[in-house]
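See structure below.
When a residue number appears, it is its place in the shown sequence, counting from 1. We count ligands from 1, going down the list as the structure has it; atoms in each ligand are counted the same way.
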Amino acid sequence: MRIGILGSGLMGAKLGTIFARAGHEVVFSYSRNEKKLKALAREAGTNARAGTPGEAAQTADAVLLAVHWSRVDEVLSQAGDLSGKVLVSCSLPMNDDDTGLVIAHTSSGAEALAKKARRARVVSAFNTVPSEVLFAVFEAKSKSTRPSLVYCGDDAGGKKVAASLIRDAGFDPVDAGPLRIARYTEPFALLVAQLAYEGKDGPALAYRFERFRERE
Ligand SMILES: NC(=O)c1ccc[n+]([C@@H]2O[C@H](COP(=O)([O-])OP(=O)(O)OC[C@H]3O[C@@H](n4cnc5c(N)ncnc54)[C@H](OP(=O)(O)O)[C@@H]3O)[C@@H](O)[C@H]2O)c1
């Protein structure tokens, strides 16, 4: 696939590099430092190049949104028309100093994004994982046990594309349901980050989800 990266920081740079190494054509965009974008593209290999958000989005089959919440409107306006495009968002609706969510409980960043990019096929994915683990998961992708990664969205085709990108990155995709489920995955992402950054001093986290069924 052709993948446009909107925001080439911690998440966009790593995921773009991973997608390029997995064989996709990648355009890195949206940095204050053009040299950094070019260097990123060089390091990601022959499948990658640097461009503007417009160039990244317009030729793409799928677009990764990986900017701070405060930059979403700007990058969307630079990207142009996203009608019909799969828009995979790892952006969380964080306040300016990254201390809390600005949208939660009765809605989500993913739903707000779907209202901003009305004709795009929005999928929320990759935001429950800290960027620090992405390369290690990708490098271990041939192992039989892969970490799970939840995603959600309302467009079946868009979700299929997102699931294949999640698989390419080395995770086992778990369909959490419609886009409104992001109301639960977005706060969960903060919990995971909090525990991850506590490092060795923090509590160990183990979790397992099972589908509850009525007993017959
Ligand atoms: N980092 C994580 O582990 C993680 C995990 C889950 C979800 N997320 C979410 O993913 C999204 C991206 O996070 P990130 O950590 O990748 O962010 P980041 O490292 O700050 O990257 C943001 C990108 O936006 C670019 N940008 C362009 N103009 C900018 C401006 N005027 N001000 C600030 N940035 C500008 C940055 O450019 P420069 O290259 O010039 O900095 C950078 O490429 C956020 O919504 C975050 O909440 C992050």
Do side-chain atoms of S8 reach the backbone of Y30 as a donor and acceptor pair under 3.5 angstrom? no
Whether H68 side chain and N95 backbone form a donor-acceptor pair below 3.5 Å: yes
Give yes or no for whether the N/O distance cutoff of 3.5 Å, strictly under, is met between [X] and ligand 1.
X: L92; answer: yes
X: F126; answer: no
X: W69; answer: no
X: G9; answer: yes
X: S31; answer: yes
X: R32; answer: yes
X: C90; answer: yes

Within-cutoff protein neighbour (heavy atom, under 4.0 Å) for atom 20 (O) of ligand 1: no
Only heavy atoms of [X], strictly under 4.0 Å: list the atoms of ligand 1 that pass.
X: Y197; value: 3 (O)
X: P130; value: 3 (O)
X: R71; value: 29 (C), 30 (C), 31 (N), 32 (N), 33 (C), 34 (N), 35 (C)
X: V129; value: 5 (C), 6 (C)

F28 and ligand 1 - part of the residue with a heavy-atom distance under 4.0 Å: neither
Distance alone, cut at 3.5 Å: any donor-acceptor contact between the side chains of H24 and N47? no
Pairing donors with acceptors under 3.5 angstrom, does anything connect the side chains of S31 and N33? no
Side-chain donor-acceptor distances from residues 191-198 under 3.5 Å, at least two apart:
| from | atom 1 | to | atom 2 | distance (Å) |
| --- | --- | --- | --- | --- |
| Q194 | NE2 | E198 | OE2 | 3.3 |
| Y197 | OH | E132 | OE1 | 3.0 |

Going by side-chain heavy atoms closer than 4.5 Å, which hydrophobic residues are tied to V27, directly or by a chain of links? none
Can R183 and E111 be counted as an ion pair, charged N to O under 4.0 angstrom? yes
Assess A66 for proximity to ligand 1: is some non-hydrogen atom of it under 4.0 Å away? yes
closest protein heavy atom to atom 27 (C) of ligand 1 is Y30 CE2, 3.1 Å
